[in-house]
Structures are given as structure tokens and as C-alpha cells.
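Presented below is the structure to which this report refers.
Just follow the structure's listing: the first ligand is 1, and inside any ligand the first atom is 1. For the single chain, residues carry numbers from 1 onward in sequence order.
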Amino acid sequence: MARLVMKFGGTSVADMDRIRNVARHVKREVDAGNEVAVVVSAMAGKTNELVAWCREGAPLHDAREYDAVVASGEQVTAGLLAIVLQGMGIEARSWQGWQLPIYTDNAHATARISEVNGTELIKRFKERKEVAVIAGFQGLHKESGRITTLGRGGSDTSAVAIAAAIQADRCDIYTDVDGVYTTDPRVVPQAQRLDKVAFEEMLELASLGAKVMQVRSVELGMVHNVRIFVRSSFVNPEEIDPRANPEGTLICDEADIMEQQVVTGIAFSKDEAQISIRRVQDKPGVAAAIFGPLAAANINVDMIVQNVSADGATTDLTFTVPSADYERARQTIDKAKKDIGYDRLDGATDVAKVSVIGIGMRSHAGVAAKAFKSLAEQKINIRAITTSEIKFSVLIDSAHTDQAVRTLHTLYGLDKK
Ligand code: ADP
Ligand code: ASP
Ligand code: MG
């Protein structure tokens with residue numbers, strides 16, 4: 001007997017047929033004698049629709065009311081799955097975030113989980129063999145008593161947090177791909193599924209654009225040592241032997257991976273914008289005058305490139321921000337123009353960041369240099385570069401994203417043989 005968390009994403013619960021399919025996956029595990037907590041997302045497209053309604057209501061809306069609206073998608077699927085499971089003769093009960101409760105801070109729309117109470121779930125596993133069906137993505141701010149949500153893709157984080165709280169043996173993330181690939185298989189058909197990926201690498205892949213797992217869920221998994229397994233919900237539920245090792249990708253400690261490649265995967269993100277400040281005063285305190293106000297406005301700055309000044313008096317400074325914050329960032333810099341002292345501000349939103357990730361980079365030199373040469377041969381211009389211990393990123397024109405990802409995927413020997 002094992003204790004499992006089974007999380008199903010939006011495409012896996014997109015309609016009643018898919019919800020019935022999910023129920024059959026759950027039945028298989030229950031019949032095998034396992035204790036099961038299921039975490040569900042909203043039906044595919046539902047959260048987008050709810051977000052759009054909030055924006056239509058008022059472009060600058062109250063985040064507490066946004067959460068009240070967008071949390072509703074998961075309420076529907078949790079109740080529906082419980083109904084379908086009960087119809088199949090399985091004891092099941094749905095749980096909203098506030099009912100468990102899943103406590104979070106009060107950063108509405110991007111809340112972080114602070115505490116999950118799993119006592120009642122465990123009691124019901126033991127006393128009634130009851131399956132818990134939990135609405136993902138949502139929580140409760142204890143002090144105000146208001147509903148919160150965990151940021152887009154947040155059901156992954158609900159699942160991992162619940163797995164930690166109930167000491168689950170495994171947290172299965174069922175999705176529309178059968179594991180974590182060397183890059184998005186929708187963009188590169190030659191991408192290969194990874195049997196295992198280290199937490200650190202998954203953290204980088206997720207934060208640099210691979211949306212298969214929400215970043216925060218990987219962080220939580222790493223801290224609480226949760227065995228996270230990414231697998232497909234589109235396999236015939238009855239064809240899986242619950243006692244055999246399932247097909248998919250295990251996210252685990254680096255030490256559990258025998259053969260470490262230099263490059264594990266490639267991620268990309270088109271949600272980037274570039275801002276260049278021309279002829280900035282080249283004197284102490286200027287970087288603080290630029291990045292201080294951006295930080296105060298809660299804008300995350302990512303890549304920063306400052307040219308060496310040619311005349312000793314002025315220089316150019318380029319940085320990137322999330323495209324959603326582009327206008328706000330421009331306005332913030334504009335307001336601080338007197339303190340900063342610059343000539344002109346240029347910006348671009350048609351840029352993309354392509355990142356190469358691998359723990360093996362720690363012990364191999366020249367990994368990035370190879371990429372620069374290969375992109376140059378493809379006539380892809382690099383606007384900015386950043387590197388860290390286990391990854392490097394290049395900023396390019398977004399029109400060349402797919403070509404750049406494919407080129408690097410082949411370059412590092414990741415293509416399916
Ligand atoms: P869910 O609704 O189940 O949470 P998501 O759409 O959030 O699913 O995430 C799954 C998607 O992530 C896949 O369909 C795939 O296109 C995308 N993806 C991006 N990068 C990767 C990767 N490296 N490996 C697997 N999937 C990836
Ligand atoms: N339904 C939410 C979203 O679309 C949460 C999730 O799917 O994980 O972002
Ligand atoms: Mg997701």
C-alpha cells in the first residue's frame with residue numbers, strides 16, 4: 001500500500017469524458033489498495049476566461065476580488081470529480097482550499113503556501129478509505145479569511161504541498177505530455193523524454209519558461225524531499241499496472257542520477273521585454289538610481305548589460321523585464337529621468353530568451369561559446385547574455401525563437417536518435 005497524490009492539469013479535466021478518464025486512473029490506484037488525494041486544475045481555458053472577465057470588469061482590479069473569481073474554476077472540477085467517483089462506487093469528498101485549510105500569505109494572485117493541514121485527510125483514509133479531491137490553485141489567508149490563488153500553473157504547487165503535508169510516497173503530476181522533455185516537444189518533435197531530472201535543473205527549466213511544472217512546486221519538492229513524477233493522463237487507465245514502475249520523469253536529487261549529461265535541456269520564454277537607456281551618465285550611483293525605483297515598483301529585472309563608456313562620460317545600459325511589466329517599467333524610468341540623467345529610452349517587446357541548462361556545466365568549460373558560434377552561423381543576433389553555474393541564456397529576436405531552440409537542441413546532442 002502506498003499513499004499517493006495524483007494531480008491532473010487543465011487538459012486532463014477539460015470535459016466530462018476527460019473527468020471520467022481521470023476517475024478511472026484514480027480507481028486503478030484505489031483498487032490496488034492505495035490511499036489517494038487527488039488535486040485538480042480548472043477545465044482547460046477556464047482560468048483564462050475568468051481572468052479576461054476580471055480585466056473586462058476593470059483593467060486595474062482589486063486582487064482580492066480577482067482571486068474570488070479565478071478560484072472558482074477549480075471548485076467546479078473538484079466537485080465534479082467527486083460526483084463521478086461516487087457514481088463509480090468510490091468513497092470520495094471534495095475540498096476547497098479554505099476547507100482543508102491550505103493557508104497562504106496575503107499576496108493575492110501570487111500567494112505562497114505557509115501551512116497545509118492534512119490531518120483530516122489522513123483520518124478519512126484510515127477510517128473510511130475515502131479519496132480526497134482537492135481544488136488546486138487556491139488557499140486561504142488566515143488573518144483576513146479571504147480566498148487566495150497561487151499564480152498561474154499553481155495547482156502543481158498545491159499538489160506538492162499536500163504531498164509533503166500527508167507524507168505521500170509519491171506526487172504524480174498527470175498532464176498532456178508523458179514526462180519532462182529535453183525541450184518543449186511541441187516546438188521540437190525530436191525532443192526526448194528524460195527518465196530523471198535533478199531538482200536544480202527542473203527549477204531552472206521551469207523558471208526559464210518550461211511551463212510543465214510551476215517553479216514554486218519544484219522549490220517545495222526540493223525542500224520537503226517529495227518524489228515528484230511527471231506522467232501522462234492520456235494513457236488508457238486500465239493498461240497501467242499500478243505495481244510496476246510507471247512511464248514518465250522522476251524529479252529527484254542530483255545524486256540519484258547516474259549518468260549526468262553536460263546539457264540536460266533547453267527552455268525559452270517569449271514573455272520578455274528589453275529596455276535600453278541611451279547615454280546614461282557614467283558615474284557612481286547611476287545603477288542604483290535606475291534599479292532602485294524598478295525594485296520599489298516590484299518589477300523583476302533579469303538580464304543587465306552595461307557597455308564600457310567610450311567617452312568616459314556616458315554609456316548605454318540594457319536590461320530585460322517581464323513583458324507584462326514593460327509599460328510600467330518605462331514609466332518608472334521616465335519618472336526617474338532627472339535623477340538618472342540619460343538621453344533616450346529604447347524598448348522592444350519582440351524579444352525572447354533562450355536558455356541552456358545542465359548541471360554538467362559546472363565542470364565543463366566552453367559550453368556557451370559553442371552556442372554563440374552556432375547561432376552566429378544561423379545569422380541569429382544575440383542582444384544580451386547571462387550565465388550562472390548551471391545555465392546560460394541569450395536574448396534574441398522572438399521571430400527566431402524556434403530556430404534557435406532547434407539549433408541548440410541539435411548542437412548539444414539532445415535530438416532523438
Ligand atoms: P497542465 O494543464 O497539465 O498543468 P501545462 O500546459 O501547464 O499542463 O504543462 C504541460 C505543457 O508544458 C506541455 O503540453 C508542453 O507543451 C509544455 N512544456 C514546455 N516545456 C516542456 C518540457 N521541457 N517538457 C515537457 N513539456 C513541456
Ligand atoms: N487553473 C490554474 C491556471 O490555469 C491553475 C493550474 O492550472 O495549475 O493557471
Ligand atoms: Mg500546468
**Asked** Which protein non-hydrogen atom lies closest to atom 3 (C) of ligand 2, naming both residue and atom, and how far is it?
**Response** R152 NE, 3.3 Å
Residue pair [X] / [Y], side-chain donor-acceptor N/O under 3.5 Å:
X: D271; Y: S269; result: no
X: E29; Y: N34; result: yes
X: N307; Y: T315; result: no
X: E201; Y: Q261; result: no
X: R64; Y: N106; result: no

Is the shortest distance from a Lys or Arg side-chain nitrogen in [X] or [Y] to a carboxylate oxygen in the other one below 4.0 Å?
X: D156; Y: K211; value: no
X: R383; Y: D397; value: yes
X: E200; Y: R362; value: no

**Check: S155 N/O within less than 3.5 Å of ligand 2 N/O** = yes
**Request:** Report yes if K7 has an N/O atom closer than 3.5 Å to an N/O atom of ligand 2; otherwise report no.
**Result:** no
**Complete:** ligand 2 to S41, heavy atom cutoff 4.0 Å, flagged ligand atoms 6 (C), 7 (O), 8 (O)
**Message:** So if I count the atoms of ligand 2 from 1 in the order they appear, which ones are less than 4.0 Å from some heavy atom of T47?
**Reply:** 1 (N), 2 (C), 3 (C), 4 (O)
Contact table ligand 1 N or O to protein N or O, d under 3.5 Å:
unit_1   : atom_1 : unit_2 : atom_2 : d
ligand 1 : 2 (O)  : G10    : N      : 3.1
ligand 1 : 3 (O)  : T175   : OG1    : 2.7
ligand 1 : 4 (O)  : K7     : NZ     : 3.2
ligand 1 : 6 (O)  : K211   : NZ     : 3.3
ligand 1 : 8 (O)  : T175   : OG1    : 3.1
ligand 1 : 14 (O) : D176   : OD1    : 2.8
ligand 1 : 14 (O) : D176   : OD2    : 3.3
ligand 1 : 14 (O) : R186   : NE     : 3.2
ligand 1 : 14 (O) : R186   : NH2    : 2.5
ligand 1 : 16 (O) : D184   : OD1    : 2.9
ligand 1 : 16 (O) : D184   : OD2    : 3.4
ligand 1 : 16 (O) : R186   : NE     : 2.6
ligand 1 : 23 (N) : Y181   : O      : 3.0
ligand 1 : 24 (N) : Y181   : N      : 2.9

Taking a cutoff of less than 4.0 Å between a non-hydrogen atom of the residue and any ligand atom, is [X] in contact with ligand 2?
X: G9; result: no
X: G153; result: yes
X: E74; result: yes

**Asked** Which word best sums up how the rings of H25 and Y174 line up, parallel for under 30°, tilted for 30 to 60°, or perpendicular for over 60°?
**Response** tilted
Can you give each donor-acceptor pair under 3.5 Å made by side-chain atoms of residues 145-152, sequence neighbours left out, with the distance rounded to 0.1 Å?
unit_1 : atom_1 : unit_2 : atom_2 : d
T148   : OG1    : T104   : OG1    : 2.8
T148   : OG1    : G139   : O      : 3.4
T149   : OG1    : D67    : OD1    : 2.5
R152   : NH1    : N48    : OD1    : 3.1
R152   : NH2    : N48    : OD1    : 3.0

